[in-house]
2 protein chains.
Amino acid sequence: MAIERRSKQREAIIENLQSRYDHPTAMELYLSVREVIPNLSLGTLYRNLSQLEECGMVLRIPDGANDRFDGNVNPHAHFKCSDCGKVYDLMSFKNDTVTFSDEIVGYVTNYSLMAFGMCKNCNKSN
Amino acid sequence: MAIERRSKQREAIIENLQSRYDHPTAMELYLSVREVIPNLSLGTLYRNLSQLEECGMVLRIPDGANDRFDGNVNPHAHFKCSDCGKVYDLMSFKNDTVTFSDEIVGYVTNYSLMAFGMCKNCNKSN
DNA sequence: TATAATAACAGTAATCATTACTGATAAGGA
DNA sequence: TCCTTATCAGTAATGATTACTGTTATTATA
């Protein structure tokens, strides 16, 4: 269902997400938004994240069973540390070195690139 | 734990995976391998997939809560149809058109690139 | 500004892929 | 052949996400 009304819960969620540069999981975001709206429901958070993703205001970063969310909706690459699990924005490759702004954030050992769209078969039948 | 002994279950799993070019989920693979080993346990499949991934014989393709598996361990890009959910190998981009071998498989509307490795902080402390 | 329709909410139960556990089986070295 | 223990089958537990139910609050209209 599309967004039809405003709610302070949704506005707190998007505001929180746009004010940070880490890539919180649903639970991390939940705990953070609860500091502003203490009785925010987890179901409400999930529902709003899905709505906001659908209307292009939030980017979902697939990360196993624990997706992450990003207020920066320009599609851009990410780097996940296999050791601590943190997810960084990834701006450029240079050999095996990842550069973000002017700072090296880590060393790539593997990657996963998934493109989304519509395959030829489905395009034909629709 | 590393692999130390052979088992017909594990061999059936890797053989099945290497003989196909779709990208089965754990359940799809389970149902397929059960045609050879009817009493294969789902837990055994998951345990072996994790072991095989760890020792580099199987590639895990992150796909939400429903990961997919690939017997082709050369890291390579994938294309997922948002309509039918099928996952194709993706060999090259050309404008918005995806080409696999000589055949167009679909039209890209979005993508997700996640690089894995070790971040600077963890690299320092290890 | 009041009223009414219903989107959105809080709280909670259900779902479902995956992981962990337990006792049995079998690989492979001595 | 015997023994150690990796691996197994079967099943219970976990945990993120989704669905459901009754309540609240947004917003169009009178």
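Any value given below was found using the heavy atoms of this structure, including those in side chains, with hydrogens, waters and symmetry copies removed.
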Check the pair A:H76, A:L59 against side-chain contact (heavy atoms from CB on, under 4.5 Å), reporting the backbone distance first and the verdict last.
CA-CA 10 Å; A:H76 56 285; A:L59 198 69; 4.2 Å; yes

Could you go step by step and tell me if A:E53 and A:L49 meet the side-chain contact (heavy atoms from CB on, under 4.5 Å) rule?
CA-CA 6 Å; A:E53 181 198 4; A:L49 284 175; over 6 Å; no

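Nearest to the side-chain atoms of A:R5 among the listed nucleotides D:dT26, C:dA10, D:dT17 stands D:dT26. With distances taken from any side-chain atom of B:L40 to the nucleotides D:dA9, C:dT18, D:dT7, the minimum falls on D:dA9. Side chain of A:D67, nearest nucleotide from D:dA6, D:dT17, C:dT18: D:dT17. Among the nucleotides C:dC9, C:dT18, D:dC8, the one closest to the side chain of B:N48 is D:dC8. Here the nucleotide nearest the side chain of B:S41, chosen from C:dC9, D:dA9, C:dT18, is D:dA9. Out of D:dT18, D:dT17, D:dT7, the shortest distance to the side chain of B:S7 is found at D:dT7. Distance from the side chain of A:R6 is smallest for D:dT27 among the nucleotides D:dA9, D:dT27, C:dA10. Of all nucleotides listed (C:dT18, D:dC8, D:dT18), D:dC8 comes nearest to the side chain of B:R10.
If you take OH of A:Y46 and C1' of C:dG11, they are 15 Å apart, rounded to a whole angstrom. Across the protein-nucleic acid pair, B:L49 atom CG and C:dA17 atom C1' stand 13 Å apart, rounded to whole Å. For the pair A:F69 CZ and D:dA16 C1', the computed distance is 11 Å after rounding to whole Å. The distance from atom CD of B:E11 to atom C1' of D:dT7 is 13 Å, rounded to the nearest whole Å. Atom CG of B:N39 is separated from atom P of C:dA24 by 17 Å (rounded to the nearest Å). The OH atom of B:Y30 sits 11 Å away from the P atom of D:dT11 (whole-angstrom rounding). One interatomic measurement links the two molecules: CZ of B:R34 to C1' of D:dG10, which rounds to 11 Å at whole-angstrom precision. The distance from atom CG of A:L42 to atom P of D:dT17 is 8 Å, rounded to the nearest whole Å.
Within the 4.0 Å cut-off from OP1 or OP2 of D:dA25, not a single side-chain nitrogen or oxygen of A:Q9 is found. For A:Q51, no side-chain nitrogen or oxygen approaches OP1 or OP2 of C:dA7 to under 4.0 Å. Within the 4.0 Å cut-off from OP1 or OP2 of C:dC9, at least one side-chain nitrogen or oxygen of A:R47 is found.
Contact annotation for B:T44: base contact, defined as any heavy-atom pair under 4.0 Å involving a base atom.
Ring orientation note: the planes of A:H78 and A:H23 are nearly perpendicular, at an angle over 60° on the 30°/60° scale.
A side-chain donor-acceptor contact under 3.5 Å links A:D67 to the backbone of A:D63.
Checked against salt bridge (Lys or Arg N to Asp or Glu O under 4.0 Å), B:E15 has no partners two or more places apart in sequence or in another chain. For A:S82, the side-chain contact (heavy atoms from CB on, under 4.5 Å) test picks out B:F116, with sequence neighbours left out.
If B:K8 and B:S50 are placed on DNA chain C by their nearest nucleotide, the residue sitting closer to the 5' end is B:S50. Annotation: of the two residues near DNA chain D, A:G43 and A:M27, the 5′-most nearest-nucleotide partner is A:M27.
Comment: A:K86 does not engage A:D22 in a salt bridge, judged by the lack of any side-chain N to carboxylate O separation of less than 4.0 angstrom.
Comparing the start and finish of the helix from C:dT1-D:dA30 to C:dA30-D:dT1, five pairs each, the helix axis swings through 40°, to the nearest 10 degrees.
By the 4.5 Å heavy-atom criterion applied to side chains, A:N16 and A:S32 are counted as neighbours.
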